[in-house]
Amino acid sequence: MSWKEIADKWLNNESLDGDLKEQLYKLKEDEKSLEELFYKNLEFGTGGMRGEIGPGTNRMNIYTVRKASEGLAQYLLSQGEDSAKRGVVISYDSRHMSPEFALEVAKTVGKHGIKSYLFSELRPTPELSFAVRHLGAAAGVMVTASHNPPEYNGYKVYGDDGGQLPPKQADALTNFVNSVEDELSIKVTGKEELLANGLLQYIGEDIDQIYLENVAKIQLNKEIVEKVGEELKIVFTPLHGTANKLVQEGLKQFGFKNVTVVKEQEQPDPNFSTVKSPNPEEHAAFELAIKYGKEIDADILLGTDPDSDRLGVAVKNAEGEYQVLTGNQTGAIMLHYLLSQKAEKGLIPENGIVLKTIVTSEIGRAIAESFGIPTFDTLTGFKFIGEKIKEYEKTGKHTFLFGYEESYGYLIGDFVRDKDAVQAAIFAAEVAAYYKAQGKSLYDALMEIFEKYGYYKEALSSLTLKGKDGAEQIANILEEFRSNPPKEIAGIRVTAVEDYKASIRKQLSNGKLNPISLPKSNVLKYFLEDGSWFCVRPSGTEPKCKFYFAVKGSSLNESEQLVNNLQQAVMEKVHHIVGM
């Protein structure tokens, strides 16, 4: 069917949701806008689906949620009767339509006799991951668009290990979703009937308590927190999201008593009205927290994104101004603390391992190596870290110690199998307490790490290219870099290229090819003669193409200059490709 025929089918459907029908009628004469709503189905891929809320097959609405859930039900039924009995755990964040979409998941899978455990209120993504494992469920669904703008929502699927589905399972699920031909005709069961039949069970505080009991186990220096727990001044902002209760309770449980919450951002707000973007990666999101910090002379500022899987940290720098640390820097500080303390206490296992992604700083590898611990690189996306944890748990080859990615995602305790801003926030506070007891700040700790391991510096550029035209431009960027790889960048020779789509690493000096033993992904990584690198990667969840840059210098100033030169040279090439 053409997009016009599909649009007409929606417009003429008598049972179509009233609000959606009204929105469609307003656009009836706007052909370009209608085409955008119907020219394709909202993609369901390895990360689930994510899109703007609204009518149409290319938007998040109750019908596209039902389609995804119908596919999930068929996928679980294909796994055998046991999967259906074990059921699905469902959680949601503070976004528009999140509670409604979460209930639609339960109503859709319930029609097939599959039980749902639905959180009675919004909860963080990591708690959903934990709950799947704790309840022995076959799958989990998190309704969230993470840190996307307010007009977005999304749908993430988790396996029975509490991790996002790895490629093979995700592809199988996607095939079931895509085989659902008519999202408007999917039958669902009402909430009251599900409750009466025992196919819907609400969960909440009971899971909170058990989750927090597990968080308590990651504490390494209770005696130091007892010493400075009242003195350490913490400012926390949940950025209108889901982390408020759990982070506050967890900090209290660890022994931190001097916690100030940013009141303007404490309550859930689907419009994220106090920030341009509810993303702790964006330094502007810390504006209010920094104001609070200055008022009380805080030691550490903590910020979590709406679904609480990403953590941002800000501390005072050498000039006494609050500086938001990068994800690579926060990860390095936490990793160094964790390994040094475990080493001191004799808690590092012989087969320990650190996991990071291919676009995460190499400083983590340097730190781990200094403690005799190997580091394994996964593709971008925490699901790949979760997949390796599951593999090592099964084979016994390695014991997981720490996992992180540059985009502000960290995992300390593997009772969760996704990045966890709740446990990371509490753990970061402990690290701050450790250094405060020595009269040092987290910035001092970072400088000590740089001095010991080298001045690593990273940068990120993103191009947002929306719609059909934008998708084509992103494809052109990858094709141009792939077919005409640069021989030098910023006057520095390119020595090797890793093409994760072709699963090949090519050494440019001699043309030698080596296989890459990771799942295929449309990502390119270029290595330069001076040890720096850059990576080109389309986002899997947003209409963006991302460019990662990394260098190592002999001082802060040198590394800053090196990364600026690299970033400028690459982006000049990119802008030339897209005609900007």
Sub-3.5 Å donor-acceptor pair from the side chain of [X] to the main-chain atoms of [Y], do we have one?
| X | Y | result |
| --- | --- | --- |
| T360 | E406 | yes |
| S129 | V416 | no |
| S521 | V523 | no |
| T357 | T380 | no |
| N351 | G396 | yes |
| T464 | K544 | no |
| R310 | S407 | yes |
| N564 | Q561 | no |
| N148 | Y152 | no |

If every non-hydrogen atom of [X] is compared with every non-hydrogen atom of [Y], which pair is closest and at what distance?
| X | Y | result |
| --- | --- | --- |
| L442 | A428 | CD1-O, 4.4 Å |
| Y392 | H398 | CB-O, 3.4 Å |
| F382 | G409 | CE1-O, 3.8 Å |
| Y526 | P486 | CE2-CD, 3.8 Å |
| S559 | Y455 | CB-O, 3.3 Å |
| A285 | S277 | CB-O, 3.7 Å |

Quick one, R417 with E393, criterion salt bridge (Lys or Arg N to Asp or Glu O under 4.0 Å). Give me CA distance, side-chain angles, the key distance, then yes/no.
CA-CA 12 Å; R417 295 297 166 89; E393 187 177 56; 2.9 Å; yes
Does any non-hydrogen side-chain atom of [Y] lie less than 4.5 Å from one of [X]?
| X | Y | answer |
| --- | --- | --- |
| T144 | T125 | yes |
| P306 | P278 | yes |
| K440 | E448 | yes |
| L518 | L379 | yes |
| F236 | N244 | yes |
| L232 | I234 | yes |
| L401 | P349 | yes |
| M447 | E451 | no |

Salt bridge (Lys or Arg N to Asp or Glu O under 4.0 Å) evaluation trace for K356 with E405:
CA-CA 6 Å; K356 71 177 190 68; E405 57 186 5; over 6 Å; no
Dump the intermediate steps for salt bridge (Lys or Arg N to Asp or Glu O under 4.0 Å) on K156 and D309, then the final yes or no.
CA-CA 13 Å; K156 292 200 294 188; D309 61 357; 3.7 Å; yes
Judged by modelled atom types alone, do [X] and [Y] share a side-chain donor-acceptor pair under 3.5 Å?
| X | Y | value |
| --- | --- | --- |
| Y158 | D418 | yes |
| T174 | D171 | no |
| D420 | Y211 | yes |
| E127 | S91 | no |
| S370 | Y453 | yes |
| N557 | S555 | no |

What's the spacing between [X] [atom1] and [Y] [atom2] if we round to 0.5 Å?
| X | Y | atom1 | atom2 | answer |
| --- | --- | --- | --- | --- |
| E572 | H575 | CD | NE2 | 9.0 Å |
| E350 | I373 | CD | CD1 | 10.0 Å |
| I577 | N476 | CD1 | CG | 8.5 Å |
| F400 | I385 | CZ | CD1 | 7.5 Å |
| S532 | K457 | OG | NZ | 15.0 Å |
| L301 | Q323 | CG | CD | 11.5 Å |

Begin from the C-alpha positions of E321 and N317 and carry the test side-chain hydrogen bond (donor to acceptor under 3.5 Å, both in side chains) through to its verdict.
CA-CA 6 Å; E321 295 296 322; N317 59 22; over 6 Å; no
Yes or no on side-chain contact (heavy atoms from CB on, under 4.5 Å) for V141 and V89, after CA distance, side-chain angles and deciding distance?
CA-CA 6 Å; V141 173; V89 184; over 6 Å; no
Start with the C-alpha distance between K397 and E391, add both sets of side-chain angles, then the distance that settles salt bridge (Lys or Arg N to Asp or Glu O under 4.0 Å), and finish with yes or no.
CA-CA 9 Å; K397 182 179 179 181; E391 176 191 320; 5.9 Å; no
Which pairs with one or both residues in residues 324-334 pass side-chain hydrogen bond (donor to acceptor under 3.5 Å, both in side chains), sequence neighbours excluded?
N328-E458
Decide yes or no on side-chain contact (heavy atoms from CB on, under 4.5 Å) for S146 and D305, but give the supporting numbers first.
CA-CA 7 Å; S146 189; D305 71 340; 3.2 Å; yes
Should the ring pair F44 and Y155 be called parallel, tilted or perpendicular, given that the plane angle runs from 0 to 90° and is split at 30 and 60?
perpendicular
After noting the C-alpha distance and the side-chain angles of F130 and I207, does the key distance pass the side-chain contact (heavy atoms from CB on, under 4.5 Å) rule?
CA-CA 9 Å; F130 171 76; I207 304 295; 4.1 Å; yes
Distance-only criterion, 3.5 Å: show the donor-acceptor pairs between side-chain atoms of residues 219-229 and protein atoms not counting sequence neighbours.
unit_1	atom_1	unit_2	atom_2	d
Q219	NE2	F254	O	3.2
N221	OD1	K345	NZ	3.1
N221	ND2	Y337	OH	2.9
N221	ND2	Q341	OE1	2.9

Under 6.0 Å from the CD atom of E480, do we count more than 12 heavy atoms belonging to anything else shown?
yes
Cationic tip of [X] above [Y] ring, under 6.0 Å, 45° of axis:
| X | Y | result |
| --- | --- | --- |
| R505 | F527 | yes |
| K316 | Y443 | no |
| K573 | F481 | yes |

What about the rings of F547 and F549, do their centers lie closer together than 6.0 Å?
no
Could you walk me through whether L528 and R493 pass the side-chain contact (heavy atoms from CB on, under 4.5 Å) test, one step at a time?
CA-CA 6 Å; L528 279 61; R493 190 165 62 92; over 6 Å; no
Under the side-chain hydrogen bond (donor to acceptor under 3.5 Å, both in side chains) rule, what do R537 and Y548 come out as? Steps first, then yes or no, please.
CA-CA 8 Å; R537 171 186 164 263; Y548 304 82; 2.8 Å; yes
